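Source: prediction; values computed, not measured. Residue indices begin at 1 and follow the sequence shown.
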Amino acid sequence: MRDTPRMSPESARVAPFGTTIFTEISRLAVRLGAVNLGQGFPDFDGPDAVKQAAIDAIRGGLNQYGPTTGSQALRQAVAEHAQRFYGQTIDPETQVTVTSGATEGIFDAVMGLVNPGDEVVLFEPFYDSYLASVTMAGGVPRFVQLRAPVEPSGAWWFDEAELRAAFSDKTKLCIVNTPHNPTGKLFTRAELELLHALVRERGAVLLSDEVYEHLVYGPGVHLRPATLAPEQTLTLSSGGKSFSFTGWKIGWALGPAPLVRAIQKAHQWVTFAVAHPFQVAIAAALRLPDAYFTQYVAEYRRKRDLLADGLRQAGFEPLIPHGSYFVMARTDRHRRPDEDDVAFCRRLIEQAGVAAIPPSVFFRPETAPSMHGLARFAFCKTDPVLDEGVSRLSRWAAR
Ligand SMILES: Cc1ncc(COP(=O)(O)O)c(C=O)c1O
């Protein structure tokens with residue numbers, strides 16, 4: 001009998017993916033009872049009225065597959081929200097498709113638009129699913145680095161020549177994320193116009209991930225890239241961050257009908273349809289009055305300042321985010337010369353009892369060292385958790 005060669009059961013497509021640092025940090029944080037300022041999701045729920053809408057939808061019998069493009073109620077609400085906040089006119093029948101969170105939207109867009117060998121321009125630091133999706137599609141990533149501001153309240157920036165060099169005849173897609181995780185950057189009009197010009201020159205598509213669209217503190221505003229060049233832009237968003245229901249995984253894509261159709265074609269074989277009652281509830285959330293959105297951002301601004309002040313008192317140098325719910329902070333005063341950001345964050349959990357994310361995970365190995373002097377802290381946490389986090393950091397720094 002011949003020996004069967006021992007082979008990995010994994011496809012070459014997924015074999016390169018390891019366990020993410022997020023999993024490792026969270027495990028360590030739980031094991032050591034650390035305050036978790038690493039995880040990028042709220043430790044509180046969204047509005048009761050939205051929960052009630054989900055309960056009513058379940059009791060009302062919306063418990064079977066919904067339409068593959070998404071429930072009519074949610075598509076209509078997405079179109080109304082786009083008109084209300086951005087002045088966009090969107091046809092809910094042909095220009096919106098609902099996905100399982102923005103994460104599925106990213107995967108579907110890449111699968112629906114990128115052929116093997118096509119190039120995809122990514123800004124790094126990048127939300128990790130961009131690179132995973134591009135890799136699975138056989139696309140070739142081209143990177144442009146966002147660089148930290150010198151002044152703590154300044155804007156992250158990129159080099160125009162580097163951006164131009166990232167585009168080629170093979171560019172099919174460029175992914176932009178504004179407000180940006182993890183830097184909190186708001187892309188400016190001039191930056192977006194440059195991006196659009198390069199995308200247009202190559203006949204490519206701009207995919208804009210706007211899951212933090214309502215978390216904007218300024219200076220600057222959130223400019224939706226699609227409002228500048230609607231014909232070449234797909235917008236993704238979701239109800240996770242805006243309404244504090246990340247576990248519901250309700251997202252959507254909107255844009256020109258042919259581009260939305262490309263997403264829809266992938267979506268129908270990835271999930272086909274997403275949780276029906278939660279779609280109806282997020283439709284209600286998108287229609288909440290303006291007061292909800294103003295209070296929500298005011299509350300987050302207060303939490304941002306609470307965390308930034310606490311970090312400063314503990315000897316870190318927070319780079320004040322202009323959007324999103326993360327603060328990147330320089331760790332130079334505490335970091336040992338031989339430590340990278342991963343080792344520093346491990347030690348912070350062990351010694352201070354506070355978990356943060358090492359930002360090099362949002363970079364390629366070649367460029368990761370530029371992040372070794374930073375850590376990412378999340379402020380989507382209740383005040384007692386933030387207070388406990390900053391007082392632990394202060395006590396640790398004083399020792
Ligand atoms: C930039 C960015 N895009 C997308 C997502 C995922 O969104 P969703 O939960 O809707 O899949 C996240 C979540 O952290 C994110 O930070």
Side-chain angles (χ1 to χ4, degrees), residues 8-20 22 68-70 96-145 163 165-178 180-181 195 198-211 225-226 232-238 249 251-274 361-367:
S8 162
E10 294 175 359
S11 71
R13 205 174 296 117
V14 302
F17 304 149
T19 311
T20 70
F22 297 92
T68 179
T69 52
V96 181
T97 212
V98 174
T99 55
S100 179
T103 308
E104 194 212 328
I106 293 159
F107 183 76
D108 293 347
V110 173
M111 286 296 158
L113 296 168
V114 174
N115 283 312
D118 285 348
E119 292 183 359
V120 181
V121 176
L122 302 176
F123 287 91
E124 62 178 359
F126 46 80
Y127 178 58
D128 46 3
S129 90
Y130 303 163
L131 183 57
S133 300
V134 171
T135 308
M136 283 192 275
V140 180
R142 295 281 175 229
F143 298 94
V144 182
Q145 218 180 320
L163 178 70
F167 279 80
S168 81
D169 292 345
K170 295 187 182 151
T171 307
K172 185 68 194 291
L173 189 67
C174 170
I175 307 184
V176 67
N177 169 215
T178 186
H180 182 263
N181 169 14
L195 260 184
L198 294 168
V199 164
R200 189 173 300 113
E201 221 171 87
R202 307 296 178 179
V205 172
L206 186 68
L207 183 66
S208 178
D209 174 349
E210 298 174 37
V211 297
Q232 60 180 18
T233 312
L234 264 170
T235 306
L236 302 179
S237 193
S238 73
K249 293 296 289 180
W252 51 88
L254 62 148
L259 298 183
V260 170
R261 202 175 310 121
I263 290 197
Q264 170 57 29
K265 281 190 174 182
H267 165 75
Q268 68 184 332
W269 302 121
V270 175
T271 51
F272 179 73
V274 308
V361 299
F362 302 103
F363 281 75
R364 289 166 289 160
E366 305 89 284
T367 44

Enquirer: Around atom CZ of R200, are there more than 12 heavy atoms from other residues, nucleotides or ligands closer than 6.0 Å?
Expert: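 Counting neighbours around CZ of R200, more than 12 heavy atoms of other residues, nucleotides or ligands fall under 6.0 Å, so yes.
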Enquirer: Test V121 against every option in S168, C174, P141 by the side-chain contact (heavy atoms from CB on, under 4.5 Å) rule and name the one that passes.
Expert: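 Going through the options one by one, the only one that passes is C174.
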Enquirer: Give every donor-acceptor pair under 3.5 Å between a side-chain atom in residues 130-139 and any protein atom, sequence neighbours left out.
Expert:
from : atom 1 : to   : atom 2 : distance (Å)
Y130 : OH     : D209 : OD2    : 2.6
S133 : OG     : S129 : O      : 2.8
T135 : OG1    : L131 : O      : 2.6

Enquirer: By side chain to side chain contact (heavy atoms under 4.5 Å, CB included), which residues pair with V140, not counting sequence neighbours?
Expert: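 Only E119, R142 meet the side chain to side chain contact (heavy atoms under 4.5 Å, CB included) criterion with V140.
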Enquirer: Is the distance from the ring center of F126 to that of F143 below 6.0 Å?
Expert: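 Judged by ring-centre distance (under 6.0 Å), F126 and F143 do meet the cut-off.
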Enquirer: Mind checking whether V96 and T69 have side chains closer than 4.5 Å, heavy atoms only?
Expert: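 No - every pair of side-chain heavy atoms lies 4.5 Å or more apart.
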Enquirer: Sequence neighbours left out, what passes side chain to side chain contact (heavy atoms under 4.5 Å, CB included) with A102? Give chain and number order.
Expert: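 Side chain to side chain contact (heavy atoms under 4.5 Å, CB included) list for A102, sorted by chain: V211, S238.
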Enquirer: Does Q145 form a side chain to side chain contact (heavy atoms under 4.5 Å, CB included) with F363? I'd like the steps, not just the answer.
Expert: CA-CA 9 Å; Q145 218 180 320; F363 281 75; 3.7 Å; yes
Enquirer: Do L234 and L113 have side-chain heavy atoms sitting under 4.5 Å apart?
Expert: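 The answer is yes, as the side chains (C-beta and beyond) meet within the 4.5 Å cut-off.
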Enquirer: For residues 166-178, which residue pairs pass the salt bridge (charged side-chain N to carboxylate O under 4.0 Å, His left out) check, not counting sequence neighbours?
Expert: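 Only D169-R202 qualify under salt bridge (charged side-chain N to carboxylate O under 4.0 Å, His left out).
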Enquirer: How would you list all residue pairs meeting salt bridge (charged side-chain N to carboxylate O under 4.0 Å, His left out) that involve residues 120-138, not counting sequence neighbours?
Expert: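 Salt bridge (charged side-chain N to carboxylate O under 4.0 Å, His left out) check on residues 120-138 returns E124-R364.
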Enquirer: Does the pair Q232 and V199 meet the rule for a side chain to side chain contact (heavy atoms under 4.5 Å, CB included), with working shown?
Expert: CA-CA 8 Å; Q232 60 180 18; V199 164; 3.7 Å; yes
Enquirer: With side chain to side chain contact (heavy atoms under 4.5 Å, CB included) as the test, would you mind laying out the steps for L207 and L236 before giving the verdict?
Expert: CA-CA 7 Å; L207 183 66; L236 302 179; 3.8 Å; yes
Enquirer: Under 3.5 Å, side-chain donor or acceptor atoms of residues 255-267 against the rest of the protein: list the pairs with distances, not counting sequence neighbours.
Expert:
from : atom 1 : to   : atom 2 : distance (Å)
Q264 : OE1    : T97  : OG1    : 2.7
Q264 : NE2    : T68  : OG1    : 3.1
H267 : ND1    : E104 : OE1    : 3.4
H267 : ND1    : E104 : OE2    : 2.7
H267 : ND1    : T271 : OG1    : 3.3
H267 : NE2    : T68  : O      : 2.8
H267 : NE2    : V98  : O      : 3.4
H267 : NE2    : F272 : O      : 3.0

Enquirer: Grab the two heavy atoms, one from A166 and one from T171, that are nearest each other, plus how far apart they are.
Expert: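 Scanning both residues, the minimum pair turns out to be O-OG1, 4.2 Å.
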Enquirer: What pairs with N181 under side chain to side chain donor-acceptor pair (under 3.5 Å), at least two apart in sequence or on another chain?
Expert: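 Result, side chain to side chain donor-acceptor pair (under 3.5 Å) vs N181: R376.
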Enquirer: Going by side chain to side chain donor-acceptor pair (under 3.5 Å), name the residues that satisfy it together with T235, two or more places apart in sequence or in a different chain.
Expert: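 Once residues adjacent in sequence are excluded, T235 has no partner under the side chain to side chain donor-acceptor pair (under 3.5 Å) criterion.
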Enquirer: With sequence neighbours excluded, tell me which residues meet ring-ring contact (aromatic ring centres under 6.0 Å, His included) with F123.
Expert: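 With sequence neighbours excluded, F123 shows a ring-ring contact (aromatic ring centres under 6.0 Å, His included) to F158, F187, given in chain and number order.
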Enquirer: Side chains of D108 and T99: closer than 4.5 Å at any heavy-atom pair?
Expert: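 SC-SC contact between D108 and T99 confirmed.
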Enquirer: What pair of heavy atoms forms the shortest contact from P225 to L206, and how long is it?
Expert: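 Looking at all heavy atoms of both residues, the closest pair is CB-CD2, 3.8 Å.
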Enquirer: Report the residues that fulfil ring-ring contact (aromatic ring centres under 6.0 Å, His included) with F22, sequence neighbours left out, ordered by chain and then residue number.
Expert: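 Result, ring-ring contact (aromatic ring centres under 6.0 Å, His included) vs F22: F362.
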Enquirer: Determine whether a donor-acceptor pair (N or O, by modelled atom type, separation under 3.5 Å) exists between the side chain of T178 and the backbone of H180.
Expert: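 Not at all, since once roles are kept as given, no pair shorter than 3.5 Å links the two residues.
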Enquirer: What pairs with F167 under ring-ring contact (aromatic ring centres under 6.0 Å, His included), at least two apart in sequence or on another chain?
Expert: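 For F167, no residue satisfies ring-ring contact (aromatic ring centres under 6.0 Å, His included) once neighbours in sequence are set aside.
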